[in-house]
Structure formats: structure tokens, C-alpha cells
Amino acid sequence: MTSQPTTQQTSTPPDRATAPLPHDENVPTPARRRWLMLAGGFALVVLLACLPLLAISLPGVLPGPTYTPGTLQVLALALLVGALALSYHLLFGVAGLLSFGHALYFAVGVYGLAIVLDRTDLPLLPAACVVLVGGIVVAHVVGAISLRVTGISFAMVTLAFAQAGNVLVRRNPAGATGGEEGLALDTTHVPDALVGVMNTRNLYWLALVVLVVVYAVVLWVERSRAGHVAAATRENEMRVRVVGGRPYLVKLLVFVVAATLATAVGMAYLLLQSGAVPRVTSADFTLTLLVMVVLGGVGSRWGAVVGGVLYTLLDQRLGALAASEAIAGLPSVLRVPLSEPLFILGTLFILVVLFLPGGIAGAAQRLSHRRRREGARDLMEESA
Amino acid sequence: MSTIVLLLITGLGLGALYFLVASGLSLIYGLMGVLNFAHGSFLTLGAFAGWEVARRLGADSWGIFGLALVVGAAVGAAFAALTELLLVRRLYERHIEQVLVTVGLALATVALFEGTWGSDPEFIEGPAWLRSTTDVAGAPIPNDRFLAIGAAVLVLVGIVLFLRYTRFGLIIRAGVENRAMVTALGIDVRKAFTLVFAVGGAAAGLGGVLASQYFGYVSPHLGAHLLIFAFIVTVIGGLGSLTGAAVAAVLVAVLQQFANYYWGVGDLVVVLLLALVLLVRPSGLLGRSA
């Protein structure tokens with residue numbers, strides 16, 4: 001079904017008013033572009049999977065060579081945050097739902113798995129299934145209520161629910177969440193291959209698998225009928241209603257899928273960080289997700305992943321920069337702002353919103369469009 | 001009985017703080033459709049400005065405290081007006097981007113406050129009267145509650161009078177009703193935007209100084225903490241409705257105090273109230289029906 005429109009697009013339409021562009025091997029057709037991107041993505045995943053076996057040093061970007069546990073920890077964190085940003089992309093980029101409470105479902109994964117492993121004798125996989133079901137139930141309830149309002153009110157309502165989760169975690173009901181201190185991972189029922197510094201690379205591979213799976217699910221949802229209706233609802237909800245669509249159910253579906261993905265990522269996050277801290281439930285955490293997605297480019301899948309990875313690496317490196325001696329020697333007018341990673345990231349975010357609409361993905365797209373247009377113009381001049 | 005009176009008046013004091021934040025949020029949203037995430041930063045900066053004044057000039061005299069209130073409000077207003085002129089105005093009519101810019105500003109400024117004043121709470125001093133209590137029906141009420149309530153009532157009356165009896169108020173009210181029409185009549189509605197931001201920022205800055213008296217400390221996270229409840233208040237009251245914000249602020253804060261005292265679940269009850277209001281009346285208590 002998908003091949004038919006592409007073949008129509010590849011053959012040059014004969015009855016154009018302007019002279020048809022001469023076809024050139026260097027300008028890829030949509031079908032070829034898709035294959036190229038698929039192959040490129042596959043190669044990237046293989047490269048990422050091989051990183052723990054290689055000794056690549058990127059001074060200034062990574063803390064050490066890629067096979068060291070410290071670096072793998074940072075990379076795995078970046079991949080997981082990328083996956084989380086991708087789940088937020090499904091919500092914000094595809095369905096246009098500006099949620100300020102996405103951290104809640106991530107926290108359900110982190111704290112849910114920590115509590116289940118702490119309080120019950122379930123092995124890891126059944127425990128993960130229980131938490132996933134819990135996440136789906138929470139997402140249904142909260143989504144069904146907050147989707148009664150739209151736009152800005154929706155944002156505030158999701159924020160309020162996430163705040164309730166935050167309060168609950170900090171209150172430490174029945175000693176379950178550990179309050180401000182957080183909760184350490186109980187490793188009794190976790191397979192040995194996922195515990196300890198020496199096994200960081202297994203966790204890294206786990207993070208990579210999570211990212212690939214999340215990507216596949218997001219792609220599948222976006223390409224499905226529900227995904228198309230969600231995108232149409234984002235553009236014009238009234239029209240979808242008029243042609244007989246049911247925006248509420250579709251939005252709820254996307255909301256629940258995004259939340260479930262966030263729960264899954266949260267569980268991997270718990271294993272990687274071997275503990276849960278209240279910060280993952282905070283409104284600030286959701287806001288940083290929003291920052292990542294916008295930084296990468298709203299509406300772009302790979303943009304969201306790049307935004308998440310970039311944000312995490314920047315956050316880590318700016319933290320290291322803040323502690324460095326080069327900063328400590330500066331006068332306080334410069335030192336204070338530069339030693340706060342969040343200040344730099346927030347400012348960067350404002351600049352991107354003001355001057356770079358479409359984020360990184362948008363900039364890349366404009367660049368490639370311009371190159372393609374210039375390529376086409378050169379050809380026209382040659383043939384003329 | 002005395003417990004109930006204490007809870008009621010403390011709740012009213014907290015509601016006053018919520019109202020000082022929510023009034024600006026609601027006005028800004030009503031006129032411009034901007035959800036201002038940086039509003040908490042206006043409040044925090046106002047609180048720190050007031051604290052700096054009190055720290056440098058001596059905290060215990062009423063004159064200095066009054067000056068701290070004025071400086072807090074002025075700093076909040078200036079910060080808000082600058083935000084509107086430099087950031088929000090550039091993204092005219094693009095509501096999502098406007099929200100994003102204020103989100104970025106909130107993140108960056110809170111980080112800056114942490115870098116400047118440290119992330120730990122700073123405990124504050126004030127006139128001795130504020131630290132003592134007054135008996136109302138047998139309940140000892142901390143005096144700062146009365147101050148907060150009085151200030152909020154003054155701000156409410158002031159804003160209502162301003163909206164009703166001044167030319168700018170007229171433009172703002174007309175702009176909330178139908179902005180395109182006001183522009184078509186040849187009135188530069190953008191001046192009103194800056195003004196509304198400044199008024200909201202002044203209320204938030206004033207609220208910051210009062211909130212630091214109410215809680216007994218200033219911290220970079222003071223604004224963010226109050227902002228979330230102010231959001232809830234604005235949604236419950238109906239976006240864009242000033243009276244709605246006032247009613248909802250009192251309702252939310254009193255309910256929160258009682259639920260906190262008797263069951264220790266105040267914050268959750270507030271969220272439940274929000275869910276309930278949304279299920280019954282999605283446009284809020286006094287909002288225009290969508």
C-alpha cells in the first residue's frame with residue numbers, strides 16, 4: 001500500500017506548467033531517501049551497540065574512552081533520556097498535547113519498580129509487567145480527566161496531577177518511597193548481569209534496546225490510522241469531528257501509549273541509576289523534557305532523540321565545566337551564571353525558540369532543502 | 001472552635017498569597033492568551049529584592065518594611081515589563097512559543113537565583129509585630145496573616161478600580177472581550193500588554209515579600225512552589241476571570257489548610273478539587289463557558 005504513492009511521486013509529472021526538472025542521480029528520490037535513512041539508522045544502531053567494545057575518546061564530550069563504565073553510564077543515561085524525549089514527542093509533536101505532567105508516568109516506572117522489587121518477591125520481569133499495568137491504569141485515569149479540557153488548561157491540569165505525584169513521593173506514605181532521600185534499588189531479584197559497575201555495558205545495551213523499541217512503537221503509532229487522526233486533531237479538531245472522527249478517544253490513546261513508554265523507560269532508568277530520587281517526579285523534570293523536544297525540533301522523531309541526548313551530555317559536561325578551575329577564576333558576574341548548567345540551558349532554549357524555529361531538525365531540514373534547491377538550479381543552468 | 005478559626009484565617013492568608021500570583025496570571029492569560037511560567041520568578045525576585053532592602057537597612061522598622069514592599073513590587077513590575085518587551089512581544093500570537101519562552105526564562109532565572117543567593121532558604125527578619133500573634137475568638141493568629149489578607153484585598157480592589165475607572169482599564173477590559181475589535185478601532189493594544197504584565201509582576205513581587213514573611217524564609221524555589229497552586233487556582237476560578245481567581249484562591253487555600261490539619265493530605269485534596277471542577281464545569285467556576 002505504501003509503495004504505490006511513492007512510485008507515483010518518483011516519476012516526474014508530465015503535465016507541469018514549468019519545464020520538468022531533469023532527473024539526476026545525486027538528488028535522491030523519496031523512496032531512495034527512505035532506504036538511505038533506514039540503512040543509516042541501522043548502521044548507527046550497530047555502531048552504538050559496538051561502542052562498549054571500542055576505545056573511542058572524545059575529550060570534552062565524554063568523560064573517558066567509550067569502554068569505561070563511567071562513560072557508558074553517561075551514554076546509557078543519554079540514550080534513555082532520548083527515549084523519554086521520544087515518548088514526549090508522541091504527545092507534543094504528534095498529537096499536539098502540551099503536557100506538563102509527563103514526568104508522572106516516568107516516575108511511576110522508576111518508583112513503581114523500586115517499590116515492587118523492595119516489597120515483594122517477584123522476579124524482575126513479572127515485577128516490570130505489574131508496574132507497566134499500573135502505569136497504564138494511572139495514565140487512563142489521569143488522561144481521561146485532563147483531556148476534558150484542551151490547550152493551556154490541559155497543560156495546567158497535567159501539571160497539577162504530576163505535582164500530586166510529587167507530593168505523594170515526598171510525603172513517603174508508609175515508608176514506601178523514602179521521601180526526600182529516595183529509594184535504593186533492591187537487587188535481590190535483579191539478574192546479576194544487570195548489577196554492579198562492571199556490568200554497566202549490559203545496562204548500556206539495555207538502554208539501547210529500550211531506545212530502539214520506543215522508536216519502533218512511536219513510528220508504528222505515527223503511521224497507524226490513530227496516529228493520522230491524532231495529527232489531524234492537532235491541526236484542526238473541529239474538522240476531525242465534522243468528518244466523524246472521535247478526537248477524544250484518539251488523544252486518550254496517544255496519551256496512554258506515550259505514558260506507557262515513559263513508564264518502561266523509567267524502569268530501565270531505575271536499573272541504570274540503581275535508585276529513585278524525588279527529582280524525577282518534579283515539574284522541572286517535565287519542563288526539561290519539553291526543552292529537549294523543542295531543542296531537537298518539534299514534530300521530528302530523530303530531533304527528539306538528538307535533543308534528549310544532546311541535553312543530557314550538555315548537562316553533564318556543563319556540570320563538569322562549572323566545577324573546573326577555569327570558571328572558578330572568573331569574576332563573579334561571569335562565574336555565577338556559567339556555574340549553573342540550567343541557566344545556560346534555559347538561555348539556549350530561549351534563543352532556540354526565538355531564533356531557530358523547528359530546532360535542530362528544522363535547521364537541518366532547511367539546510368538540506370537549500371542544498372537540494374541549489375543542486376537543482378545548477379542542473380537547470382547546465383541543461384539550458 | 002479556636003482551631004477552626006486559626007485554620008480559617010491561616011487559610012485566608014495563604015489564599016491571599018495565591019490570589020496575588022493568580023491575579024496576574026489570570027489577567028495576562030485573559031488579555032493575551034499567554035500562560036506565564038515565569039510568574040514565579042517575578043515573585044521570587046520581588047521577595048529577594050525586599051529581603052535585600054531589609055537586610056541592608058535594618059529589618060525591624062515599619063518604614064523599612066514598607067520600603068521593602070514597594071521595592072519588591074517595583075522590581076517585580078520592572079522584570080515583568082522587560083519580559084514582555086524583550087521576549088513575549090517577539091512571538092506575538094504564537095501562544096505555544098510564548099509559553100515555551102516563559103518556561104525557559106523560569107528555568108534560567110531560578111538557576112541564576114540559586115547561583116546568586118544559594119539554594120538554601122534564607123530566614124528573614126521583619127517588624128516585631130509580624131512575629132507576634134493576636135487573639136481572635138481564642139485562637140492565636142500570627143499577625144503576618146492579617147497583613148497578607150489586607151494586601152490582597154487592597155490589590156483586588158485596586159485592580160478592579162483600575163479596570164473599571166481608568167482609560168487603560170477600559171482598553172484592557174475591551175481587549176479581553178475582543179482584541180481584534182480594539183485594534184481595529186485604532187488603539188495600540190500592545191501598550192496594554194506591557195501594562196498588564198507590569199501590573200501582574202507588581203502583584204507577584206508584592207506577594208513575594210509577603211510570602212517570605214508568611215513562610216519565614218526566602219528561597220529560589222519560593223515562586224515555583226506558589227506558582228503551581230496559582231495555576232490550579234486560575235483553572236478552578238476560570239481563566240481570565242479576576243473575581244474567579246479571588247474566589248478560587250480562598251476556596252483552595254482554606255480547603256488545603258483544613259485537609260492538611262485533619263488528614264495531612266492538603267495538596268492531594270486540592271488536585272482532587274481541580275479534577276472535580278473540571279468534570280463538572282470544564283471552564284472553571286466563573287469562566288466563560290467554552
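Throughout, protein chains are lettered first and strands after them, A, B, ... in sequence-line order, and every chain is numbered starting at 1. Only a predicted model underlies this, so the values are computations on that prediction, with no experimental measurement involved.
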S.K.: Parallel, tilted or perpendicular: which describes the rings of B/H225 and B/F229, with under 30° parallel and over 60° perpendicular?
M.R.: perpendicular
S.K.: Spell out, as yes or no, whether a donor-acceptor pair under 3.5 Å connects the side chain of B/T194 to the backbone of B/A81.
M.R.: no
S.K.: Given side-chain contact (heavy atoms from CB on, under 4.5 Å), test B/L242 with B/S23 step by step and report yes or no.
M.R.: CA-CA 6 Å; B/L242 197 66; B/S23 58; 3.8 Å; yes
S.K.: Who wins among B/T234, B/L268, B/L107 for the most heavy-atom pairs under 4.5 Å with chain A?
M.R.: B/L107
S.K.: Is B/L112 in contact with chain A via its backbone, its side chain, both, or neither, using a 4.5 Å heavy-atom distance?
M.R.: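 Looking at B/L112, backbone and side chain both touch chain A.
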S.K.: Using non-hydrogen atoms only, which part of B/I232 is less than 4.5 Å away from chain A: side chain, backbone, both, or neither?
M.R.: side chain
S.K.: With a 4.5 angstrom heavy-atom cut-off, is it the side chain or the backbone of A/F154 that approaches chain B, or both, or neither?
M.R.: neither
S.K.: Distance-only, no hydrogens or angles: does the A/Y248 side chain make a donor-acceptor pair with backbone N or O of A/A144 under 3.5 Å?
M.R.: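 Answer holds: yes.
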S.K.: Between A/V157 and chain B, which part of the residue has a heavy atom less than 4.5 Å away: side chain, backbone, both or neither?
M.R.: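 Interface part for A/V157: both.
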S.K.: Output the distance between atom OG1 (B/T44) and atom CG (B/L227), rounded to the nearest 0.5 Å.
M.R.: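 Output value for this atom pair is 9.0 Å.
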S.K.: Please state whether the side chain, the backbone, both or neither of A/F349 comes within less than 4.5 Å of a heavy atom of chain B.
M.R.: side chain
S.K.: Ignoring hydrogens, what is the shortest heavy-atom contact between B/V21 and B/A230? Give both atom names and the distance.
M.R.: CG1-CB, 3.5 Å
S.K.: Does any heavy atom of chain A fall under 4.5 Å from the side chain of B/L87, the backbone, both, or neither of them?
M.R.: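 Interface part for B/L87: both.
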S.K.: So, B/S26 side chain and B/S241 main chain: donor-acceptor pair closer than 3.5 Å or not?
M.R.: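 Yes.
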S.K.: Side chain, backbone, both or neither: which part of B/L100 has an atom under 4.5 Å from a heavy atom of chain A?
M.R.: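 It is both, since atoms from each part get that close.
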S.K.: Is B/F37 close to chain A through its backbone or its side chain, or both, or neither, when contacts mean heavy atoms under 4.5 Å?
M.R.: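 For B/F37, the contact with chain A is made by the side chain alone.
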S.K.: Heavy-atom cut-off 4.5 Å, strictly under: side chain, backbone, both or neither for B/V99 against chain A?
M.R.: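 Only the side chain of B/V99 comes within 4.5 Å of chain A.
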S.K.: May I ask you to decide if the ring planes of B/W117 and B/F48 are parallel, tilted or perpendicular, using 30° and 60° as cut-offs?
M.R.: parallel
S.K.: Given the options A/T150, A/V142, A/L342, which has more heavy-atom pairs under 4.5 Å with chain B than any of the others?
M.R.: A/L342
S.K.: Using a cut-off of under 4.5 Å for heavy-atom pairs, which of A/V352, A/L287, A/L168, A/L290 has the most such pairs with chain B?
M.R.: A/L287
